Amino acid sequence: MSATLTLADLPVGATAEIVAVDAVEAVAHRLADLGFLPGTAVRPLRRAPLGDPRVYELRGTQLCLRRREARTVRVRRT
Amino acid sequence: MTSAACHPRPEAPAAAAAAAAALRIGLVGSPNSGKTTLFNALTGLRAKVGNYPGVTVERREGDAEIEGRPLRIVDLPGTYSLSPISPDEAVVTAVLAGEMAEVPAPDALLVTADACTLERSLLLVAQILRLGRPTCLVLTMTDELRARGGALDLARLRAALGIPVVGVVGHRGLGMAELRALLAHPESWERPPIPPPARPLERQQWAESVLGHVLLRRPGRDRRTEAIDRIVLHPVAGTLLFATVMVLFFQLIFAWAQPAMDAIDAAMGRLAGAVHATLPPGVATDLLADGVIAGVGAVIVFLPQIVLLFTLLYLLEDAGYMARAAFVVDRVMGRIGLEGRAFVALLSSYACAVPGIMATRTIPSPRQRLLTILVAPLMTCSARLPVYALLIAAFVPARTVWGPVGLQGLALLGLYLLGATAALVAATVLGRTVLRGEPLPFYLELPPYRVPPLRLVVSQVWGAASAFLRRAGTIILLASIVLWVLLNVPRVEPPAELAPTEATRYALEHSVAGRVGHALEPAIAPLGFDWKIGVGLVASLAAREVIVSTLAQIYATGEEDAGGLREAIRRDVDPRTGERVFTPATVAALLIFFVFALQCMSTLAIMRRETNSWRWPAFAFTYLLALAYGASWLTYRVVHALAA
C-alpha cells in the first residue's frame, strides 16, 4: 500500500490516481476547485528548469504546483 | 397627417424608468475561458472601466442593445470557484449574492467555459446553477475542440444541464447571432429542475455523469502546444528564450519608447513656447506654460512606455506565453517571498516603476501584489541615470580597471546591482514583518497556445492606458503644478546687474523651495548635504532627474552646459567653512540617497491608483526615505572616515 506516495514524489510521465488531499482548508478547497479530487487521474508532465514548480495534467488541463502544495496530494500509481 | 400611432405613447416617467432599468447580464467564468473576448464582442470597445467599491479589483461594464432592449453587461473577474481565496474571486461571489455595495446582482448570467476543458469547468457551472439565477452556458473555442478531434453534443448538454447552451467562437463571431437571440429574453430561459449537488465529491460525480452523457469524442492532445512547450519549457532553450523575452521587455521601456517620449517633450516645449509668445508675460502665463502644460506633458510622456509594455505583455499573455515565463522563474521568486508572475513587473521597474507597478495586476495574491509594488521603486529606474551620470562623471576618476572596463562604469554597475539587491532584501524583510501572512497556495494554469486576437489586445492595452490617465494622470498633473509653484513663487525681482543665469539662481534661492532647502539644511547636514542639494532634493520629488536641471539653475550654469555643471559642482566651496561642498563622502552619500529614496510623484500616484488608498504610497515613501537617510548617513560616516 503506497498510501504515502504524494504528487511531488511521482516521476515525470507516471500516471496516478488521487487518493486524498491532506492540506489546510484554504489550500484543499482551492485544489478541489481546480479538479484535484479523489479518483481523478493525474500525471506530472515536466518540471521547471530549476526543478520547481512542476506541471501536472488533469481533467484536460495543465496546472503548475509548487512542491509544497504537491506534497499534500496523496496518490496511487496506476 | 395620420393619427394612427404604431405604439401608444408611454407616460414620460415610465419611459425614463424603463430606459434606466437596463437588464444586467453578468459574465462569469474561469480565467482563460474567453470571457473578455465575449464581453468585447457584445459591447464593442466601449467598456467603462473602474474599481469595485473598497477594493482594487478592476470593474468592467458595457452596454449592449439586443432587439431594441438595453442591456448592461458586467464582466466579472475570472474565477475558479464561488468559494473565493483572492479579492478578485471574492468580488464575484459578493456581486452574485447581491452583497456588493452599489453593484446590484445581475438579473441573468452567462457562464463561459472552454469547450476543451469542460470536465473542469462543469465544477464551476454546478456552483453557479445553485444560485438559481437564469443562466446560459456559453461554450467558447469550439473550433479548437473540433480541431483536436473532439465532439460535444450541445443538445444533450442542454438537456442534461437544463439551461440554454450556445457554442461560440468569440473572435470570429460564430454563434453570436444565436446568443444574441437568447439575450433578448433571459426571463424565458429554461432552468434546471433540480440544482446540482453542493458537496465537492458529489459535484464531481455529477460532472462526470454529465460529461459521459454529452462528450461524443474526447479531444486529442493539443499537439501544437506540446511541440511549442518542448522548446519553451526546455531547461536550456526555454531559459534562453525567457532571457530574450525579458530583455525585450526591458528594451521596450528603456530604449524604444524614447523617440516617442522625446517627441512628446518637444511638442510640449513648443506649446509652452507658443503660450509664452502669445500671452502677456506674468505669473499666470508662466503658470500655464511651465506649470500646467509641463504638468500635462509629465503625464502624457508615460504613455509610450505604458502602451509598448502592455502591448507586448498582453500579446504574450493572450498567446499563453506569460504563464510559462512565470513557471520558469517561479523558484527564484519564491525564495524572496514573491512568485513567478512578479518577475515581469520588477524587471520593467528597472526601466520605469510606473508601468512596472501597473504590470503587477497579473498577480492574483493581493499580498504578493502589494509586496511587489512596495519594492518596485528600489529597482534602478532610468530616471536615476542622469543623476548617477552627473555625479560619477564629476567625481569618479576616469581610470581603466581592466581592459575596456573603467572605474566609472563599475561605479554605475555597482549602483544598478545595489538597487536590485535592495529590492530583493526589502521583499524578504517586508514579507516577514509588515506584510507577514500565510502565503496563498501557488497554482498556475498553463493555457493552450493561441493566436492572440488583435481586438482583444487593443481593448486590454486601451484599458490599461485609460486607467493610468484617469487616476494617476490627475495626481501627477496636480503635483507638477504644486511643485512649479514651490520653485517659482514668490516672485522676486533679481537685481538688474545679474546675468540671466545668475538671475535664475537668485529667483530660485528666494522661492519657497529655496527657503525649504535652507530650512532643511540642519536635517541633511549629517549626510554632508548643503542647502543647494536640499533644494535639489525638494525639486526631485517631482522626478529624480529634475535635480540635475535644478542644480544647473542653482549653479547658474545654464541647462545645456553639462560640462559646466560638472566643473561648477567640483569647484563649489562653502563660504562659511572654506571646505568643498561636494566632498567624496558627500557624493557617495548623495548617490546612496538616490538608490533608496522614492523621489517620484508619478510612482506615488500609480501606487495610489493600484492600491486604491494613500496608505501604501505613504508607507512606501516613508520606509524608503528612512532607508535612504540611514544608508546615506552611514555612507557619509564611512567614506569620511576612510578619506581622513
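Below, each value reflects all heavy atoms present in this structure, side chains not excepted, and no hydrogens, waters or symmetry copies. Computed from a prediction, not measured in an experiment: that's the story for all the values here.
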Tightest non-hydrogen contact, residues G60(A) and E119(B), listed as N-OE1, 4.3 Å
#### Entry: R221(B) vs E57(A), side-chain contact (heavy atoms from CB on, under 4.5 Å): CA-CA, chis, key distance, verdict
CA-CA 11 Å; R221(B) 315 185 63 79; E57(A) 184 179 57; 3.2 Å; yes
Which of [options] touches chain B most, by non-hydrogen pairs under 4.5 Å:
options: V55(A), L58(A), L31(A); value: V55(A)
options: G35(A), A26(A), P38(A); value: P38(A)
options: Q62(A), R47(A), R68(A), H29(A); value: Q62(A)

Only one of D330(B), L444(B), V328(B) passes side-chain contact (heavy atoms from CB on, under 4.5 Å) with P53(A), and that residue is D330(B)
Among the options L233(B), T117(B), V332(B), pick out the one with the most heavy-atom pairs lying under 4.5 Å from chain A.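 Highest number of heavy-atom pairs under 4.5 Å: L233(B).
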- Among L124(B), L201(B), L123(B), D229(B), which has the most heavy-atom pairs under 4.5 Å with chain A?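 If we count pairs closer than 4.5 Å to chain A, D229(B) comes out on top.
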Find the distance between [atom1] ([X]) and [atom2] ([Y]) and round it off to the nearest 0.5 Å.
X: Y443(B); Y: L63(A); atom1: OH; atom2: CG; result: 9.5 Å
X: S30(B); Y: D33(A); atom1: OG; atom2: CG; result: 11.0 Å
X: Q204(B); Y: L37(A); atom1: CD; atom2: CG; result: 4.5 Å
X: L50(A); Y: M333(B); atom1: CG; atom2: CE; result: 12.5 Å

request  = Give, as side chain, backbone, both or neither, the part of R67(A) having an atom under 4.5 angstrom from any heavy atom of chain B.
outcome  =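 Neither part, no heavy atoms under 4.5 Å.
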| field | Contact class of R324(B) relative to chain A, heavy atoms under 4.5 angstrom | value |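 The side chain, not the backbone.
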Is any side-chain heavy atom of R66(A) closer than 4.5 Å to one of R331(B)?
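No, too far: nothing below the 4.5 Å cut-off.
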*asked:* Could you check whether any side-chain heavy atom of L65(A) comes within less than 4.5 Å of a side-chain heavy atom of F442(B), counting everything from C-beta outward?
replied: no
Looking at R148(B), I'd like to know if its CZ atom is crowded, meaning that more than 12 non-hydrogen atoms belonging to other residues, nucleotides or ligands lie closer than 6.0 Å.
yes
Any sub-3.5 Å donor-acceptor pair from R120(B)'s side-chain atoms to R59(A)'s backbone N or O? no
### Task
Answer yes or no: is there an ion pair linking R30(A) with E89(B), defined by an N-O contact shorter than 4.0 Å?
yes
### Task
Determine which residues belonging to residues 238-245 of chain B lie within contact range of chain A, meaning some heavy atom pair is under 4.5 Å apart, and list them by number or answer 'none'.
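Within residues 238-245 of chain B, near chain A: T239(B).
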